[in-house]
Every structure is written in C-alpha cells, then in structure tokens.
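Proteins get letters first, then strands, A, B, ... in listed order; numbering begins at 1 in each. Atoms considered below: every heavy atom in the structure, side chains included; atoms not considered: hydrogens, waters and symmetry mates.
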Amino acid sequence: MKKITPRSEDFAAWYQDVVLQGDMAEPAEVVKGCMVIKPNGYAIWELLQRELDDRFKATGHENAYFPLLIPQSFLKKEAEHVEGFSPELAVVTIAGGKQLEEPYVIRPTSETIIGHFFARWIHSYRDLPLLINQWANVLRWELRTRMFLRTTEFLWQEGHTAHATHEDALEETLRMLDVYAEVAENVMAMPVVKGMKTLAEKFAGAVRSYSIEAMMQNGLALQAGTSHDLGQNFGKAFDVQFQTKEGKLDFVWQTSWGVSTRLIGGLVMTHSDDKGLVLPPKLAPKKVVLVPIFRKEEERALVLEAAAKIAKEVGAHVDVRESETPGSKFFHWEQRGVPVVLELGPRDVASGNIVIKRRDTGTKDIVPQSEVAAKVKATLEIMQKDLYAKARQRLKDNTVLANSIEEVESILSDEVTAEKGGGKFVMAHLKDDPKNDARIKEFKASVRNIPAVDEFDGPGKCILTGEQVDRRVCIAKAY
RNA sequence: CGGGGCGUAGCGCAGCCUGGUAGCGCACCUGCCUUGGGCGCAGGGGGUCGUAGGUUCAAAUCCUAUCGCCCCGACCA
C-alpha cells in the first residue's frame with residue numbers, strides 16, 4: 001500500500017498524496033492542467049455547495065446560468081479586465097468546421113457576458129437590486145497547476161449583482177464577504193483573515209476587492225474567497241443604465257464574488273495529517289462508519305445484526321465488505337477522513353459496549369451501546385469545534401508583527417518558509433500603493449489584505465515610505 | 001518560456017552502461033485459510049518497452065528525430 005509522504009519531509013508531496021489516497025481527485029492526464037474530481041471529492045463539494053447556496057438564497061439571491069462561451073470582443077470592453085485576463089484565455093476559433101468570424105473565449109469569469117444581459121434586463125431603479133448567482137465551470141490557462149488549488153478548469157460560483165447606489169453595492173460586497181468568512185469558519189472550521197485587497201492585488205476591472213485569507217499548515221496563505229466592488233466600471237462598459245426615481249439616467253453599481261473548488265484544497269491543507277484526510281464533520285460525506293469484526297460464522301451473524309441496529313440508530317455506514325480485513329478497513333476510512341469510526345466485534349456484542357474512534361485525535365473510547373447515538377453526536381460536535389480551535393491557534397501562533405521592511409523580509413526568507421513549513425503572516429504598516437506591493441514581491445511574498453478588523457496596535461508609519469497608515473496589513477507567501 | 005527529471009503490465013519501479021527467452025512489488029482472478037490496525041499460502045491472467053526512423057544476424061538496451069508527462073521558477077482563484 002502506498003504511503004503518504006510526511007508533511008515535515010515534503011509538504012507539496014504530502015498534499016498530493018492526501019488527495020490521491022483520499023480518493024478525492026486525480027490528474028486528468030490527457031487534458032493538461034485539469035483534474036477528475038472523484039466521487040469522494042465531489043461529495044465534499046456538494047456539501048459545501050449546499051451550505052453556500054442556502055446562504056445565498058437567504059440573502060435574496062437567485063441562481064441563473066449564462067453561456068460558457070463569450071464573444072471575444074466582450075472581454076475588451078473593460079480595459080483593465082482584458083489586460084488582466086488575456087494571458088490566460090482559451091479561445092474557440094473554429095466551430096462546425098468553419099473559421100468563426102469572431103472567436104469565442106471560454107469564460108475565465110462571467111462579468112462581461114452577464115453585464116451584457118444586465119443591460120437588457122435593467123431599465124428602472126425598480127429593477128434593482130438584481131441579485132444573481134451562477135454555479136459554473138470556468139477556464140484559465142494557468143502555467144502551473146495543482147489539484148484543487150489551481151487547475152486549468154475549475155468549478156465555482158460567481159455572484160453578480162447590480163445596485164442603484166454605490167453604498168448598496170459596497171454593502172452587498174461586504175455582506176457576501178461575511179457569508180464566505182462564516183462558511184469558512186463555521187462549516188470548514190478554517191479561520192480566515194477578512195480584509196481589503198491592495199490596489200495592486202485587486203480584481204481586474206474592480207474598484208476594490210476584498211478577500212478572506214486562510215493559513216495553511218505550512219504557514220502559506222490561501223486566498224479562499226473574493227468579493228469585488230465593481231463600481232460603475234462594467235455598468236459603463238456594457239451600458240447598463242437605469243432611470244432613477246428622479247427620472248435621470250445612471251449606470252448601475254455592480255458587485256461580483258466567488259469561491260471555488262479551491263476551498264477543498266484549503267480544507268485539506270488546514271486539517272489533514274500524515275495519515276491522510278481529516279474532514280470536519282459538517283463536510284464529511286460519511287460522518288460515521290462502522291467496522292464489524294468477527295472470526296467464526298456464528299459470530300458473524302450476531303455482530304452484523306447488532307451492527308445494523310446501531311448503524312440505523314446513529315446513521316452510520318456499515319463496511320460489510322468480505323474481501324477486506326478489519327485492519328485494512330480502518331486504514332481505508334482513516335485515509336478518507338471519516339470523522340468517527342465505530343468498531344464492533346464479538347467482545348462488544350457480549351459486553352453491550354462499542355468502540356468509538358475519533359479521526360482527528362485518534363482516541364478510542366469504549367461506550368455502552370445504549371449511549372452510542374448520543375456519544376457520536378457529541379463527538380462530531382466537539383470535533384468540529386476542536387478542529388476550528390486548533391486551526392485558529394495555528395493562525396495566531398504564526399502571525400507576527402514587523403516594523404521594518406528588513407524584518408518582514410527576514411521573517412519570510414526562503415530559509416524558513418515555504419516548503420520548510422515555517423510560513424508566517426507578517427503584520428506591518430504599509431501604505432496601499434502598487435510601488436510598495438512591488439517591493440514586497442521582490443521576496444516572493446505579497447500583501448494578502450488589509451484586515452477589516454484591526455487586532456493589533458492601530459495606526460503607524462509605513463515601513464517603506466514613512467507615511468501614516470491606519471493599521472497593519474497582512475503580508476505572506478501565498479499559493 | 002528558462003532549469004531539472006521521467007516515459008517498460010492498472011499503479012510504483014528494475015533491466016539499458018556491457019544488444020541475445022520481458023522481470024519485481026502492489027493491485028486483479030481462482031481456491032483454501034484468516035479477520036480487534038494494511039492476514040497468509042498455493043495457483044493464475046495481463047506488456048506492439050511513448051512514437052518514428054536508423055545500425056545489427058538480433059534492439060527495452062546503441063544512434064537520430066519526435067511526442068508527452070512531472071517537478072522547480074516567472075503568471076495566477
């Protein structure tokens with residue numbers, strides 16, 4: 001059986017091993033940079049989709065679907081947008097055996113084509129706000145890919161909304177950022193730093209971008225979700241005008257926001273260990289698996305009967321496979337991140353007990369069968385909380401302050417970070433200016449965001465320009 | 001696109017230097033035996049050695065060309 005590379009040895013190899021051994025996905029092989037999401041991985045995505053979609057609906061959004069192909073000219077209508085995405089576009093030039101008069105691009109994101117349709121649908125302030133979400137695949141020709149974290153094609157949702165005022169649009173932008181942060185923390189048990197992107201790092205075509213940033217076990221940052229205040233940029237590019245209450249014409253104020261299957265990569269790198277996948281109970285397709293154990297034929301019937309009864313009570317999957325031994329079943333479910341595994345053998349049938357094992361801590365408890373349902377429920381709840389607490393502590397322990405550019409650079413230097421597992425979130429005072437971002441990039445780090453909540457010491461002088469800024473920004477190396 | 005590595009059974013690899021019957025581990029199939037952390041034993045199936053050309057009596061092995069994949073970097077959710 002193939003071993004999982006320990007995190008301490010090679011974090012990137014560990015990540016690949018966990019994904020493969022957890023049977024979540026595999027490289028598509030015949031399609032460059034793409035992956036096949038296998039049932040075990042897709043089930044996690046479905047649970048995550050449900051959690052997100054429920055919240056989108058609860059905040060007034062409706063789902064819709066727009067075409068995969070976008071006329072090439074659409075991309076060019078917003079200057080920054082085309083500049084930002086051009087390098088990574090795949091273009092359809094031939095269809096039906098004929099050269100197309102105007103090529104289509106395969107959507108890298110859908111602001112442009114949605115903008116086009118918004119222009120047709122919106123005429124009055126009464127049509128606003130328009131709150132649309134799309135679940136879709138998009139394609140970006142990335143130079144380097146990693147399963148879930150960055151693939152050529154990926155699955156995501158993209159919210160697109162139009163509002164009558166900038167205030168409304170900004171409120172929406174921040175509301176959805178909050179939704180993302182809430183799902184990340186309460187569902188994925190993945191703490192995040194919520195904040196505003198610098199001007200250098202914002203989405204191509206946005207006025208301002210906001211993000212949630214998570215810290216992986218090696219200390220690298222992962223941008224886990226983004227929400228954009230698009231201002232009137234796309235409104236003007238696509239002529240999305242409406243008549244105000246006062247009878248004047250104005251362009252709509254738009255937002256867009258998205259999270260992707262990348263979240264699954266973040267989930268893996270937040271909780272999993274050297275034995276394989278660890279899933280927070282809320283995102284575990286199988287929360288409880290019961291492994292029956294028996295020797296003799298007469299034991300078999302007794303054990304399976306008891307197992308079926310208990311499984312029904314606690315909602316467990318019984319692993320009845322004849323071809324595998326209990327030992328191999330334990331490894332099997334461990335690698336797949338099942339939060340709780342129950343062991344039931346002749347000893348337990350005789351004593352009326354059952355063995356309950358937690359995936360994250362590896363601890364085994366023996367409890368009376370009469371209490372197993374309550375015990376499982378409690379264990380799942382505790383595990384969800386513990387995973388979050390552990391990740392929160394890691395984020396806290398690896399967030400440090402720095403008061404000079406030299407200090408930032410030395411903390412993030414190659415000797416201690418990246419594959420070595422010593423990555424940090426470095427908090428420093430830095431003016432939001434692309435020139436300053438460029439200086440940070442010199443040592444392969446970036447400003448992740450300017451936190452919405454200042455948990456540190458308030459205003460200070462920019463470590464590069466000496467100008468007064470109102471809080472520290474988060475600097476880190478990132479995926 | 002720059003640097004490095006690799007293409008041999010489903011997967012992971014050895015064989016290549018020094019040309020001569022296609023090999024190992026895992027997985028798979030059959031039977032027996034086992035089952036509280038990856039059971040064991042016996043038998044079995046499966047490969048135009050990435051592709052194309054060349055050298056040779058003979059090529060996985062030597063030569064030439066070509067295609068593809070992976071890793072590191074630049075780009076990025």
K.L.:
Nearest whole angstrom, please: distance from the P of B:U35 to the NZ of A:K296.
P.N.:
9 Å
K.L.:
With P as the reference atom in both, quote the distance from B:C6 to B:G40 in angstrom, rounded to an integer.
P.N.:
33 Å
K.L.:
As a test of reading the structure: which of B:G73, B:G38, B:C39 is closest to the side chain of A:T325, going by heavy atoms?
P.N.:
B:C39
K.L.:
Tell me which nucleotide among B:G38, B:C75, B:U35 gets nearest to the side chain of A:E142.
P.N.:
B:C75
K.L.:
Using the C1' atoms only, state how far B:G5 lies from B:G46, rounded to an integer number of Å.
P.N.:
29 Å
K.L.:
How far does the P atom of B:G2 sit from the matching atom of B:A58, given to the nearest Å?
P.N.:
39 Å
K.L.:
Rounded to the nearest 0.5 Å, how far does CH2 of A:W257 lie from CD of A:E158?
P.N.:
10.0 Å
K.L.:
Let's test this: given Watson-Crick or G-U wobble pairing with both distances under 3.5 Å, identify the partner of B:A74.
P.N.:
none
K.L.:
Expressed in whole Å, how much space separates the P atoms belonging to B:U21 and B:G38?
P.N.:
41 Å
K.L.:
When you check the phosphate oxygens OP1 and OP2 of B:C70, does a side-chain N or O of A:Q16 lie under 4.0 Å from one of them?
P.N.:
no
K.L.:
With A:F118, which residues qualify under ring-ring contact (aromatic ring centres under 6.0 Å, His included), at least two apart?
P.N.:
none
K.L.:
Heavy-atom nearest nucleotide on RNA chain B for A:G84 versus A:G362: which residue maps closer to 5'?
P.N.:
A:G362
K.L.:
For a quick test of reading the model: is some side-chain N or O of A:R295 closer than 4.0 Å to OP1 or OP2 of B:U35?
P.N.:
yes
K.L.:
In whole angstrom, give me the gap between the P atoms of B:G15 and B:G7.
P.N.:
10 Å
K.L.:
Provide, to the nearest angstrom, the distance between the NZ atom belonging to A:K441 and the C1' atom belonging to B:C75.
P.N.:
9 Å
K.L.:
Which residue, A:Y479 or A:V349, contacts RNA chain B at a nucleotide closer to its 5' end, judged by nearest heavy atom?
P.N.:
A:V349
K.L.:
Roughly how many Å apart are B:C16 and B:A60, using the C1' atom of each and rounding to a whole number?
P.N.:
7 Å
K.L.:
How far does the P atom of B:A22 sit from the matching atom of B:A9, given to the nearest Å?
P.N.:
15 Å
K.L.:
Within the 4.0 Å heavy-atom criterion, would you say A:L149 contacts the bases, only the backbone, or no part of the nucleic acid?
P.N.:
base
K.L.:
P atom, B:C33 versus B:G45: distance in rounded Å?
P.N.:
24 Å
K.L.:
Contact class for A:T226 vs. all strands (heavy atom < 4.0 Å): base, sugar-phosphate, or nothing?
P.N.:
nothing
K.L.:
Go through the steps to decide whether A:K282 and A:E51 satisfy the test salt bridge (Lys or Arg N to Asp or Glu O under 4.0 Å), and finish with yes or no.
P.N.:
CA-CA 9 Å; A:K282 286 185 184 175; A:E51 297 281 354; over 6 Å; no
